[in-house]
Engineer: 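First, the structure itself, so that you have it in front of you.
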Amino acid sequence: MPGWLDPVVTVLETVQGRQLSQFLPPAGGRGRPSAVLVLFGEGPTGPELLLMERAGGLRSHAGQPSFPGGALDPEDGDPETTGPLRAALREAEEETGLDPAGVQLFGALPKLYIPVSGFVVTPVLGWWRTPSPVGAVDPGETARVFTVPVADLTDPANRATAVHPLGHQGPAFLVESALVWGFTAGVIDRILHFAGWERPWDRTRQVPLDRRS
């Protein structure tokens, strides 16, 4: 893997769940196991991340950018060991058409919890060693697939605080004609922070979210 990923590897070795989110998996094993693929690649302008935008007609999270991913299937295996890794690759292939053979997984962050959906999510990190063509496999599920330069994610001009009508607040990124917020933005924000890539930005700059978000 390229040397610029070394700080991210260090994050994997040192960070704890409570440093990533206030929402951790509930006791007793409740919650539906799932995984997302946080895929780093080397683009024309340097390091980049793969994201997708959910279709506008979906009942939940319509139009919201996210990492590829989804719930674990029985064939993925043990949710406590290699199941999330298999699920992250399988879902990414199903949603974006990427070739899993070109992806080198190098670890996973602690499991996090999404209260509104009840998902227990494992962010699986990968290096896009051999890039392959990607795009929306099912337009009914995915509006588009795109990459975002890490330099754009760290640019203070592209950062803001998303504010939900119910009062919830969290980091947001205005990149590639998209507003990245919620769980995805939270994971990106923490990776940038603990990898030492974060640049000072105006946390008072707010972006209001739609009530249906």
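The basis for the numbers below is simple: all heavy atoms, side chains too, and nothing from hydrogens, waters or symmetry mates.
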Engineer: Would you say T154's side chain and W197's backbone share a donor-acceptor pair under 3.5 angstrom?
Structural biologist: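 A pair under 3.5 Å: no.
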Engineer: Under 4.5 Å between any side-chain heavy atoms of P65 and V180, yes or no?
Structural biologist: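 Touching, per the 4.5 Å side-chain cut-off.
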Engineer: Output yes when a side-chain donor or acceptor of N158 lies under 3.5 Å from a complementary backbone atom of D152, and no otherwise.
Structural biologist: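 Flag set: sc N158 to bb D152 pair under 3.5 Å.
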Engineer: What is the distance from atom CG of D76 to atom OG1 of T82, rounded to the nearest 0.5 Å?
Structural biologist: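 These two atoms lie 9.0 Å from each other.
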Engineer: Measuring only between side-chain heavy atoms, which start at C-beta, is R90 closer than 4.5 Å to D73?
Structural biologist: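 A side-chain contact exists here, since the closest heavy-atom pair is under 4.5 Å.
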Engineer: Go through W181 and Q64 one step at a time and tell me if the side chain to side chain contact (heavy atoms under 4.5 Å, CB included) criterion holds.
Structural biologist: CA-CA 8 Å; W181 62 280; Q64 185 174 349; 3.5 Å; yes
Engineer: Less than 4.5 Å apart, side chain to side chain, heavy atoms only: is that true for M1 and R129?
Structural biologist: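 Side chain of M1 against side chain of R129, heavy atoms only: no contact under 4.5 Å found.
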Engineer: Spell out, as yes or no, whether a donor-acceptor pair under 3.5 Å connects the side chain of E95 to the backbone of A92.
Structural biologist: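 Here the side-chain-to-backbone pair does not exist.
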Engineer: Does the side chain of F67 come within less than 4.5 Å of L37's, by heavy atoms?
Structural biologist: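 They are not in contact (no side-chain heavy atoms under 4.5 Å apart), so the answer is no.
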Engineer: Looking at A35 and P84, what are the two nearest heavy atoms and their distance?
Structural biologist: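 Between these two residues, the closest heavy atoms are CB-O, 3.3 Å.
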Engineer: Do L49 and V145 belong to the same hydrophobic cluster, where Ile, Leu, Val, Met, Phe, Trp and Tyr are linked whenever their side-chain heavy atoms lie under 4.5 Å apart, directly or via other members?
Structural biologist: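 As far as the 4.5 Å side-chain criterion goes, V145 and L49 are not connected within one cluster.
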Engineer: Verify, without hydrogens or angle tests, whether R190 (side chain) and L20 (backbone) share a donor-acceptor contact under 3.5 angstrom.
Structural biologist: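 Flag not set: sc R190 to bb L20 has no pair under 3.5 Å.
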Engineer: Among the clusters formed by ILVMFWY side chains lying less than 4.5 Å apart, do Y113 and F183 turn up in the same one?
Structural biologist: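 Hydrophobic grouping puts Y113 apart from F183.
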Engineer: Closest approach of P7 and A195, non-hydrogen atoms and distance?
Structural biologist: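 The answer is CB-O, 3.4 Å.
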Engineer: Looking only at non-hydrogen atoms, find the nearest pair between L174 and A160 and report the distance.
Structural biologist: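 That would be CD1-CB, 3.9 Å.
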Engineer: Count I, L, V, M, F, W, Y as connected when their side-chain heavy atoms are under 4.5 Å apart, and connections chain through other members. Are I191 and L85 then in the same cluster?
Structural biologist: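 No; tracing contacts between hydrophobic side chains, which count when under 4.5 Å, never links both residues.
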Engineer: Check the pair V137 / T96 against side chain to side chain contact (heavy atoms under 4.5 Å, CB included), numbers first and verdict last.
Structural biologist: CA-CA 6 Å; V137 175; T96 73; 5.6 Å; no
Engineer: Indicate, with yes or no, if M52 and W128 share a hydrophobic cluster defined by side-chain heavy-atom contacts under 4.5 Å among Ile, Leu, Val, Met, Phe, Trp and Tyr.
Structural biologist: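 Yes.
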Engineer: Check this for me: does any side-chain nitrogen of one of D202 and R159 sit under 4.0 Å from a carboxylate oxygen of the other?
Structural biologist: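 R159 and D202: not salt-bridged.
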Engineer: I need the T184 OG1 to L51 CG distance, nearest 0.5 Å.
Structural biologist: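 Answer rounded to 0.5 Å: 7.0 Å.
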Engineer: Within the structure provided, determine whether L209 and L179 are in side-chain contact (heavy-atom separation under 4.5 Å).
Structural biologist: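 A side-chain contact exists here, since the closest heavy-atom pair is under 4.5 Å.
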Engineer: Could you give the distance from OG (S21) to CD1 (I114), rounded to the nearest 0.5 Å?
Structural biologist: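 The distance works out to 9.0 Å.
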Engineer: Just by modelled atom types, is the V120 backbone N or O under 3.5 Å from a matching donor or acceptor in the S34 side chain?
Structural biologist: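 Yes; judged by distance alone, with no hydrogens or angles, the pair exists.
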Engineer: Does any part of the side chain of L12, heavy atoms only, come nearer than 4.5 Å to the side chain of L125, both counted from C-beta?
Structural biologist: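 Sidechains of L12 and L125: in contact.
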Engineer: Looking at every heavy atom in both P171 and A185, which two are closest together, and how far apart are they?
Structural biologist: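 What the structure gives for the nearest pair is O-CB, 3.2 Å.
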Engineer: Under a single-linkage definition using a 4.5 Å side-chain heavy-atom cutoff for Ile, Leu, Val, Met, Phe, Trp and Tyr, are F194 and L109 assigned to the same hydrophobic cluster?
Structural biologist: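 Yes; tracing contacts between hydrophobic side chains, which count when under 4.5 Å, links both residues.
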Engineer: When you compare the side chains of W4 and E42, does any donor N or O come within less than 3.5 Å of an acceptor on the partner?
Structural biologist: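 Short answer, yes.
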Engineer: Using the side chain to side chain contact (heavy atoms under 4.5 Å, CB included) rule, pick out the option among L89, L50, V124 that qualifies with V103.
Structural biologist: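 That would be L89; it is the only one of L89, L50, V124 passing the side chain to side chain contact (heavy atoms under 4.5 Å, CB included) with V103.
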Engineer: Provide the closest heavy-atom pair for V38 versus P123 in the form atom of the first, atom of the second, distance.
Structural biologist: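 Reported closest heavy-atom pair: CG2-CB, 4.2 Å.
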Engineer: Closest approach of W201 and E198, non-hydrogen atoms and distance?
Structural biologist: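 That closest heavy-atom pairing would be NE1-OE2, 3.3 Å.
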Engineer: Determine whether L112 and V187 satisfy the following criterion, side chain to side chain contact (heavy atoms under 4.5 Å, CB included), listing intermediate values before the conclusion.
Structural biologist: CA-CA 10 Å; L112 305 174; V187 171; 4.2 Å; yes
Engineer: Would K111 and E80 count as a side chain to side chain contact (heavy atoms under 4.5 Å, CB included) if you check the C-alpha gap in whole Å, the side-chain angles of each, and the deciding distance to 0.1 Å?
Structural biologist: CA-CA 10 Å; K111 290 180 171 60; E80 300 304 319; 3.9 Å; yes
Engineer: Counting N and O atoms only, with roles assigned by atom type, does the side chain of T161 sit under 3.5 Å from a partner on the main chain of R203, one being a donor and the other an acceptor?
Structural biologist: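 Pair found, side chain donor or acceptor close to backbone of R203.
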Engineer: If you count every heavy atom of other residues, nucleotides or ligands that lies below 6.0 Å from R205 atom CZ, does the total exceed 12?
Structural biologist: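 Counting neighbours around CZ of R205, more than 12 heavy atoms of other residues, nucleotides or ligands fall under 6.0 Å, so yes.
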Engineer: To the nearest 0.5 Å, what is the distance between CZ (R144) and CD (E176)?
Structural biologist: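 Result: 7.0 Å between the selected atoms.
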Engineer: In the structure I gave you, are the side-chain heavy atoms of L192 and F173 within less than 4.5 Å of one another anywhere?
Structural biologist: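 Sidechains of F173 and L192: in contact.
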Engineer: Can any side-chain N or O of E53 pair as donor or acceptor with the backbone N or O of T142 at less than 3.5 Å?
Structural biologist: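 Flag not set: sc E53 to bb T142 has no pair under 3.5 Å.
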Engineer: Check whether any side-chain heavy atom of W127 sits under 4.5 Å from a side-chain heavy atom of F106, and report yes or no.
Structural biologist: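 Heavy-atom side-chain distance check passes, below 4.5 Å.
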Engineer: Does a side-chain N-to-carboxylate-O contact under 4.0 Å join R86 and E93?
Structural biologist: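 Looking at R86 and E93, the cut-off is not met.
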